[in-house]
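What follows is a set of notes on a single structure, which appears directly below.
Source: prediction; values computed, not measured. Quick note on labels: first sequence line is chain A, next is B, and so on, each numbered from 1.
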Amino acid sequence: MVNLRRTIRREMWYILFLVPGVLLFTFAVIVPFATGIRYSFTNWDGISRKLTYIGWDNYVNALQDPDLWTVLGNTFKYAIMLTLLVNAISLLFALLLDSYLPLRNLFRTIFFLPSVISVVLAGFIWSYNYSQGFPRLLSYLGLDMTSPLGNPDHALIGLVIIAVWQGVGAPMIIYIAGLQGIPSELTESARIDGAGPFRVFRSVTLPLLAPSVTINMLLVLTGSLKVFDLVLVTTNGGPGFATEVIATFIYKNAFNSYKAGYGMALSLIFFVILVIVTVVQVSIFRKREVEM
Amino acid sequence: MKSKRMFVFIAVSIAALIFLFPLYVALLMALKSAKQTFESFYALPPSLDLANFVHAWDTSKFPTAFLNSVIVTTISVALILIVSALSGYAIARGNKPLYSFFFLLFLSGMMVPFQVTMLPLYQLGKSLGLLNNHWGMMLIYGGFGVQSGVLFFTGFVRGISREIEEAARIDGCSTPGIFVRIIMPLLKPVTATVLVLNALYIWNDFLLPLLYLQKKEYRTIPLQQYFFFGQYSSDLNLAFAYAVMGLIPIIIFFLFMQRFIVKGIAAGAIKG
């Protein structure tokens, strides 16, 4: 009897402990998410008080909107380039800095440093370097360079380079942590068996690093699909439509073009895409982890 | 073998210089006048002249923006820590389907991109009078941070043995007493992780301030920087002085908290 009463009292406290978290979460995520779904079925302009329900029209229009497909193309091009580059470079840095290299802590700090800068600043610094800093440096070598951000063919790559500079820090740390979890006896015995460094990496290190690869691929891919600030502060979607990505496209529809209902439909399509990408990616990588 | 290591060292050094180069150019700009920049772009300034910094400080309301960033970041992070520690503890110890449900709910919230909630949050803020002040932002950062925070704290509390708690309970300690006296002191490492990850994110965030703050006196550093660059795009040396000023606090924070940042990211990868 005493025990039961004590259990009830304990549970009551646990419920009370949970209340503030659930309230904050409801305020910041659940309520806006639910209202967002509601708006997406209206032709609301974002200002007026009247909501007119138009059923699935926004979704139908969105899927027929050629702009959406261009924007999604840009977004995926950017995200795939970034994911591959960031993972390759951060893994390379991690491998080099996990070995006995002098000053390796200094190097880790330097490679991580750009990650702590706000995207606004990074965009500003790089815009200037693209237009002034690099061209002057290259002119010493007799090379001509104009800012890639002004050229529709190169603008997206220009953004990817900035994002790589800012993005390798965290994955590098995750890879270093993963590498430190690999018992050195395994790599040593492979080496004694006559495997070269490349063979050791491919047959021993990489398979054991698979969980780190999964998480880094996932974090960078989902993060880069959501890219917003970098585009807004450097190119604002231009030149032309070259760097317009889904996040800036939604923002402009919802806030600048007075098509709030349409913007919300776009953002929910984006949400579904993100969920699909995440589920597919996790299942592919998890399967591979088991096989190896 | 030795020459190979030398080669790697040189290659990594070159990569490091490439990484630092954009920052070097920014620093040069901040320290030189327009005339000096025109005469020799890459040279260090002939003497250390902080005129740009003084001018930027005077024209930009930097102290206001700095204070705003400090207020928003500190209170939001404190909120996240308290609330996620409480929720995480309840979920880890409650052991009921109800708590697993909330755990999954917090987890699934992380899938929702900001763009989906952006416009509704703006509407919500407007109707509740939360635009143009810091309160709404703190609550929203709290709601975002609590998702991953709960994940970290739940995982950590599950690793703490229940026996000490049971002993305290037999001695007559209540659940809040156990939380404050026994659990809280043990939470230090995970608290540091959640603290640095959220502090970095909130300090640098541009999106929510852009949405919520139109009035100059409430702007945080990234937002103020954004407008300052637009305004002084013709006086780049001044704009860069402002940029470098904005860099200093976060770099100092990073250098002090580096150990925790590294640990936090590594722990986050394993938990996530």
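In this structure, the portion of A:Leu97 lying under 4.5 Å from any heavy atom of chain B is its side chain and not its backbone. When heavy atoms are compared at a cutoff of 4.5 Å, A:Val19 does not approach chain B at all. At a 4.5 Å heavy-atom cutoff, the contact between B:Ala15 and chain A is made by backbone and side-chain atoms alike. Contacts between A:Tyr130 and chain B at a heavy-atom distance below 4.5 Å are absent for every atom of the residue. Both the backbone and the side chain of B:Phe9 come within less than 4.5 Å of a heavy atom of chain A. When heavy atoms are compared at a cutoff of 4.5 Å, B:Leu223 does not approach chain A at all. Contact annotation for A:Thr26: neither backbone nor side-chain heavy atoms come within less than 4.5 Å of a heavy atom of chain B. There is no contact between A:Tyr175 and chain B, counting heavy-atom distances below 4.5 Å. For chain A, the nearby part of B:Leu128 is the side chain; its heavy atoms alone come within less than 4.5 Å. At a 4.5 Å heavy-atom cutoff, the contact between B:Gln147 and chain A is made by side-chain atoms alone. Only the side chain of B:Tyr42 comes within contact range of chain A, with heavy atoms under 4.5 Å apart. With a 4.5 Å cut-off on non-hydrogen atoms, B:Leu255 touches chain A through its side chain but not through its backbone. Looking at A:Phe27, the atoms closer than 4.5 Å to chain B (heavy atoms on both sides) sit in the backbone and in the side chain alike.
Remark: aromatic rings of A:Phe255 and B:Tyr122 are close, center separation under 6.0 Å. Checked against a 6.0 Å centroid threshold, the rings of B:Tyr226 and A:Phe124 do not count as neighbours. The ring of A:Tyr14 has its center closer than 6.0 angstrom to the ring center of B:Tyr89.
Atom OG1 in B:Thr175 sits 8.0 Å away from atom CE in A:Met12 (nearest 0.5 Å). Expressed to the nearest 0.5 Å, how far CD of B:Glu165 lies from CZ of A:Arg10 amounts to 8.5 Å. Between atom CZ of residue B:Arg259 and atom CG of residue A:Asn105 there is a gap of 12.5 Å, rounded to the nearest 0.5 Å. Once rounded to the nearest 0.5 Å, the distance linking OH of A:Tyr128 with CE of B:Met29 reads 3.5 Å. With rounding to the nearest 0.5 angstrom, the CD1 atom of A:Ile30 is 8.0 Å from the OG atom of B:Ser108. Taking CG from A:Leu266 and CD from B:Gln115, the interatomic distance works out to 11.0 Å, rounded to the nearest 0.5 Å.
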Original post:
How far apart are the C-alpha atoms of B:Arg93 and A:Phe17, what are their side-chain angles, what is the distance that settles it, and do they pass the side chain to side chain contact (heavy atoms under 4.5 Å, CB included) test?
Top reply: CA-CA 11 Å; B:Arg93 287 298 189 245; A:Phe17 280 7; over 6 Å; no
Original post:
Taking it one step at a time, do A:Asn129 and B:Phe21 satisfy side chain to side chain contact (heavy atoms under 4.5 Å, CB included)?
Top reply: CA-CA 9 Å; A:Asn129 271 293; B:Phe21 181 77; 3.9 Å; yes
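Contact count versus chain B (heavy atoms, under 4.5 Å) is highest, among A:Phe107, A:Trp126, A:Tyr251, for A:Phe107. Looking only at heavy-atom pairs under 4.5 Å with chain A, the residue among B:Arg169, B:Gln225, B:Lys126 that has the most is B:Arg169. If you tally non-hydrogen atom pairs under 4.5 Å between each of A:Leu23, A:Leu268, A:Thr222, A:Leu232 and chain B, the highest count goes to A:Leu232. Between chain A and the options B:Ser84, B:Ser13, B:Ser174, B:Ala11, heavy-atom pairs under 4.5 Å are most frequent for B:Ser13. Chain A forms the most heavy-atom pairs under 4.5 Å with one residue out of B:Gly142, B:Gly136, B:Gly246, B:Gly94, and that residue is B:Gly94. Counting heavy-atom pairs under 4.5 Å between each of B:Phe102, B:Tyr141, B:Phe240, B:Phe206 and chain A puts B:Phe240 at the top. Counting heavy-atom pairs closer than 4.5 Å to chain B, the top-ranked of the candidates A:Ile125, A:Leu16, A:Thr35 is A:Ile125. Per-residue heavy-atom pair counts under 4.5 Å with chain B were compared for A:Ile250, A:Asn216, A:Thr109, and the maximum is reached by A:Thr109. The choice from B:Leu247, B:Ile221, B:Leu200 that makes the most heavy-atom pairs within less than 4.5 Å of chain A is B:Leu247. Ranked by heavy-atom pairs shorter than 4.5 Å toward chain B, the options A:Gly178, A:Pro171, A:Pro102 are led by A:Pro102. In terms of non-hydrogen atom pairs under 4.5 Å with chain A, the most contact-rich of B:Val146, B:Leu28, B:Val112 is B:Val112.
In plain terms, the two heavy atoms of B:Ala16 and A:Ile110 that are nearest each other are O-CG2, 3.8 Å. Closest heavy-atom contact between A:Met264 and B:Val116: CE-O, 2.9 Å. Shortest non-hydrogen contact noted between B:Arg5 and A:Leu101 is O-CD1, 4.4 Å. Taking both residues in full, the closest heavy atoms of A:Lys226 and B:Met110 are given as NZ-O, 4.4 Å, listed atom of the first, atom of the second, then distance. Across A:Ala28 and B:Phe144, no two heavy atoms sit closer than the pair O-CE2, 3.8 Å. Across all their heavy atoms, B:Gly143 and A:Phe25 have their closest contact at O-CD1, 4.1 Å.
Contact check for A:Val233 versus B:Phe229: no side-chain heavy atoms found under the 4.5 Å cut-off.
Residues passing the ring pair (Phe, Tyr, Trp, His ring centres under 6.0 Å) test with A:Phe271 are A:Phe33, sequence neighbours excluded.
Within residues 111-123 of chain A, the residues having any heavy atom under 4.5 Å from a heavy atom of chain B are, by residue number, A:Phe111, A:Phe112, A:Leu113, A:Pro114, A:Val116, A:Ile117, A:Ser118, A:Val120, A:Leu121.
Judged by distance alone, with hydrogens and angles left aside, the side-chain atoms of A:Trp165 form a donor-acceptor pair with the main-chain N or O of B:Phe19 at under 3.5 Å.
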